[in-house]
4 protein chains.
Amino acid sequence: MPDTRKPNPARRNERSRQAILAAARELISEMGYARVSIEAIAARAGVGKQTIYRWWPSQGAVIFDSFLDLSRDAEGQGVALPDTGDIEADLKLVMRATVAEFADPRFEAPIRALNAEIINDPELAAQYREKLAGPVDDAKKTRLRSAQQAGQLAADADLDLVLEVLYAPLYQRWLHRSGPLTAEYADALVEVTLKAFRP
Amino acid sequence: MPDTRKPNPARRNERSRQAILAAARELISEMGYARVSIEAIAARAGVGKQTIYRWWPSQGAVIFDSFLDLSRDAEGQGVALPDTGDIEADLKLVMRATVAEFADPRFEAPIRALNAEIINDPELAAQYREKLAGPVDDAKKTRLRSAQQAGQLAADADLDLVLEVLYAPLYQRWLHRSGPLTAEYADALVEVTLKAFRP
Amino acid sequence: MPDTRKPNPARRNERSRQAILAAARELISEMGYARVSIEAIAARAGVGKQTIYRWWPSQGAVIFDSFLDLSRDAEGQGVALPDTGDIEADLKLVMRATVAEFADPRFEAPIRALNAEIINDPELAAQYREKLAGPVDDAKKTRLRSAQQAGQLAADADLDLVLEVLYAPLYQRWLHRSGPLTAEYADALVEVTLKAFRP
Amino acid sequence: MPDTRKPNPARRNERSRQAILAAARELISEMGYARVSIEAIAARAGVGKQTIYRWWPSQGAVIFDSFLDLSRDAEGQGVALPDTGDIEADLKLVMRATVAEFADPRFEAPIRALNAEIINDPELAAQYREKLAGPVDDAKKTRLRSAQQAGQLAADADLDLVLEVLYAPLYQRWLHRSGPLTAEYADALVEVTLKAFRP
DNA sequence: TGGTAAACGAGACGGTACGTCACGTCTTAGA
DNA sequence: TCTAAGACGTGACGTACCGTCTCGTTTACCA
């Protein structure tokens, strides 16, 4: 009979939690996702394996949390996009930033790891949409709605679809390494998208 | 001294090759990609492990080949798209077929497995572009060029970009399970793409 | 800095002590010695693990105490052997009682556990001789001295040796399961021993 | 589903087998039985853990085999006792040798380990009687029968009982550390036993 | 057509990591 | 202050697979 008792979060050791998430990020960057084991994370974090198993159901969940942790630091909670009134300029700025982020070697391995994990784990995918993609997408949609009111975007445009047309090509090109990710490419995607959803 | 001699492909046992690829596909469908091992494939195929290691460098390569095998059966060699003269109708037909394929449970697990593998393995990604995506994309681009000549598409449109705008949103939505994949969605993508690249 | 303070026995919770010893006995009988853990004893006794570690240095010590506790109940403090004047009859009575005790399933597992523990733990062996075997052996030697005075036993017989010749074969046969333990066997041992140490 | 396939003994690696048994003996002598783990044996032997689990069902079985291996070396196959015609002299010789063996630190820990294991494992106890104690006892009984024919021992003496009276006190005193093991003690046991079973 | 070298099935091997269990220490809350 | 509760770092458990390495046993070429 496995132990089904739930641990008491109030007594959780925050130092251990941070050490585990940091170790996970470091190891993924250093050796690539496929070679990272729970044992290695525990050893690097100076933590017992059980402390990982106690709080996370799977390795994917640890990866996810380590990534969540990273984003929280980066963003704070104000995830608002710039709004200069010029939707094209604003989107290009944001898209170019995304391109730059993908080129940063510190982000490369963990983001790839997370995406690989998401593909095969629906549970994780749901969490990803809710905790990571969701808030960011909401901020983007807020900016798009502003553009709609300014008449720069069709009033009846499906904003989820707009975001997909804008971002999915970029993500796919990066994940599949099927072409160069340049500022020009980012600009082209913005222009194409705006043309597609022009009023 | 390890055995560095290369095996002689002429003497390869075709029955074993087929059994291995079939076993790989079956196991991925049955138990999910993460739980499939070389041992299990060998056992299911009634084959020694060495016979797998002799001909494939990694598990990802086996998965890839099993998938390649599958596509070859499906497509034959004539990977030409319909050309009725109406690019919108033709693309909608093809996109709806893709949506249907993604809904087929026999394809679901293996395609996901392949995509997950590609994300973390540049070598495999290159093979994927060359052997699988490449031919299909070429066929699609042939159809798009025909549309350009018919004045249905901007003559200076970057066809790789067109394909990305057309397909990436669909793939991403499926991989991330971030929304329903319907015929209407397929149609919408075609319409949006054609508007974006209208002459 | 570890806590090196000694606990104050005066404040010890007798209810917990009894619960621990009882739980130890029960678990050994139920699951066999090898499978009994401190965790299980603590859980069964409804006691914190620390309460066990505070008062006993090792699992062997708990087993020992649980056994000591059991014997104390059984014997009271009057550990005197019968003295009818007939040493052979008296010894046979006692030996047959020992045989019967060994056949009692409630005693089987704990006594075996204790003996296994004693073999590898000199500290525990010393305690065993002092607290458990000692008093019983003293009582037996008192009876043997009475037999010496009655001329039924050689006056210069080494009483420790007499006890060993009398009991060791019985214990060994039981521990090694190398033969049946019957009343006849008990009788034979008494007869052989008396013959060996006849005046 | 555990793997129930039986390994093929014909393909067993004798070098590994020897290394495991030697490592087990060494570790028991060095750190005491209680502290020896399968992991440590595998590491010391330069062997995978699975190679141990493949061929032995339990740690006790490894210990037992390592001991069996040791005895085989020591005895060769001729386990015959000396027969000078003087049973008392011959037995004293053998008993003194046993006492000396118990004092040899190379034997101390493994023999204790084996005895502790035997107490709680009936399966192992049976093997012990058959493979280790049995042949030795047979040799001893052969010598005792010779003494019976020479009229030095009661013709109707139960030889198993004779052996128990002779050896059990010695074993028990050693296992329980309840007294010194000297040549004099060995002699005394022989004298007592012969007196007990005198014709 | 019979000999021989390869590929084959089988599976044992030295390993790594798994996920679980229990250890003995520690911290917290409550009586 | 002792206690029940239980999280912690540690490390062994027994299992699953890894990729390599023999073992015989088919196969298929070639002499």
Side-chain angles (χ1 to χ4, degrees), chain A residues 2-3 5-13 15-16 35-40 42-43 45-55 57-59, chain B residues 2-3 5 7-13 15-16 35-43 45-55 57-59, chain C residues 2-3 5 7-8 10-13 15-16 35-40 42-43 45-55 57-59, chain D residues 1-3 5-13 15-16 19 35-40 42-43 45-55 57-59:
Chain A
D3 193 341
R5 284 171 309 177
K6 301 254 177 62
N8 176 357
R11 306 192 52 179
R12 184 164 188 179
N13 185 333
R15 176 189 301 278
S16 292
R35 307 197 124 73
V36 172
S37 63
I38 298 264
E39 304 240 315
V47 138
K49 278 197 292 177
Q50 200 61 45
T51 301
I52 299 182
Y53 285 110
R54 186 155 27 233
W55 302 110
S58 69
Q59 193 184 344
Chain B
D3 192 343
R5 286 170 306 178
N8 176 358
R11 310 196 52 173
R12 183 165 187 181
N13 184 333
R15 179 191 298 281
S16 292
R35 309 198 121 73
V36 173
S37 63
I38 298 265
E39 306 242 314
I41 294 172
V47 136
K49 278 195 294 176
Q50 199 60 270
T51 301
I52 298 182
Y53 285 111
R54 195 170 4 247
W55 302 109
S58 70
Q59 193 185 344
Chain C
D3 192 344
R5 287 170 304 175
N8 176 358
R11 310 199 51 174
R12 183 164 189 181
N13 184 333
R15 178 189 299 278
S16 292
R35 309 199 121 73
V36 173
S37 63
I38 298 265
E39 307 242 314
V47 138
K49 281 195 292 176
Q50 200 59 268
T51 302
I52 298 181
Y53 285 111
R54 196 167 4 246
W55 301 109
S58 70
Q59 191 185 346
Chain D
M1 179 176 53
D3 193 342
R5 285 171 308 178
K6 300 253 177 63
N8 177 356
R11 308 192 49 180
R12 184 164 187 180
N13 184 332
R15 178 189 299 280
S16 292
R35 309 198 121 73
V36 173
S37 63
I38 298 263
E39 305 241 315
V47 136
K49 276 196 294 176
Q50 200 60 45
T51 301
I52 299 182
Y53 286 111
R54 186 156 27 234
W55 301 109
S58 68
Q59 194 185 345

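These numbers come from a predicted model, not from an experiment. Sequence lines set the chain letters: A, B, ... in the order given, protein chains first and strands last, and positions in each chain run from 1.
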If you take all heavy atoms of [X] and [Y], which pair is closest and at what distance?
| X | Y | result |
| --- | --- | --- |
| D:A45 | D:A19 | CB-O, 3.5 Å |
| D:V36 | D:Q59 | O-NE2, 2.9 Å |
| D:G48 | D:A42 | C-CB, 4.3 Å |
| B:P7 | B:W55 | CB-CH2, 3.5 Å |

Practice problem: Please determine if a side-chain N or O atom of C:T51 lies less than 4.0 Å away from the OP1 or OP2 oxygen of F:dC2. | Solution: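 Looking at the OP1 and OP2 atoms of F:dC2, neither is under 4.0 Å from any side-chain N or O of C:T51.
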Practice problem: Respond yes when some side-chain nitrogen or oxygen of B:R12 is under 4.0 Å from OP1 or OP2 of E:dA7, and no when none is. | Solution: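 Negative; the distance criterion is not met.
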Quiz prompt | Interatomic spacing from CG in B:N8 to CZ in B:R54 - rounded to 0.5 Å | solution =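 Answer for the CG-CZ pair, B:N8 versus B:R54, is 11.5 Å.
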Self-check item: Residue met sooner reading DNA chain E from 5', once C:P57 and A:S37 are mapped to nucleotides
Solution: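 Mapping each residue to its closest nucleotide by heavy atoms, the 5'-most match is A:S37.
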Quiz item: Which sits closer to the 5' end of DNA chain E, B:V47 or D:W55, going by the nucleotide each is nearest to?
Solution: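 The residue whose closest nucleotide sits nearer the 5' end is B:V47.
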Measure the distance from [atom1] on [X] to [atom2] on [N] and round it to the nearest whole Å.
| X | N | atom1 | atom2 | value |
| --- | --- | --- | --- | --- |
| A:E39 | E:dG19 | CD | P | 10 Å |
| D:N8 | E:dG9 | CG | C1' | 13 Å |
| C:R54 | F:dA5 | CZ | P | 14 Å |
| A:R15 | E:dC26 | CZ | C1' | 14 Å |
| D:R35 | F:dG11 | CZ | P | 13 Å |
| D:I38 | E:dG15 | CD1 | P | 17 Å |
| A:Q50 | F:dC13 | CD | P | 17 Å |
| A:I52 | F:dT10 | CD1 | P | 12 Å |

Exercise. Look at the side chain of D:Y53 and decide which nucleotide, out of E:dG19, F:dC13, E:dA12, has an atom nearest to it.
Key: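 Ranking E:dG19, F:dC13, E:dA12 by closest atom to the D:Y53 side chain puts F:dC13 first.
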Self-check item: A:S16, nearest nucleotide to its side chain (from F:dG9, E:dG9, E:dA22)
Solution: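 The answer is F:dG9.
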Quiz item: Starting at the 5' end of DNA chain F and moving along, which residue's nearest nucleotide shows up first, D:A40 or B:A40?
Solution: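 Final value for this comparison: D:A40.
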Quiz item: Could one point to a donor on the side chain of D:R11 or the base of F:dT22 with an acceptor on the other under 3.5 Å away?
Solution: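 Pair found.
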Quiz prompt | Side chain C:K49 and base F:dG6 donor-acceptor under 3.5 Å | solution =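 For C:K49, whose side chain was compared with the base of F:dG6, there is no donor-acceptor pair (under 3.5 Å).
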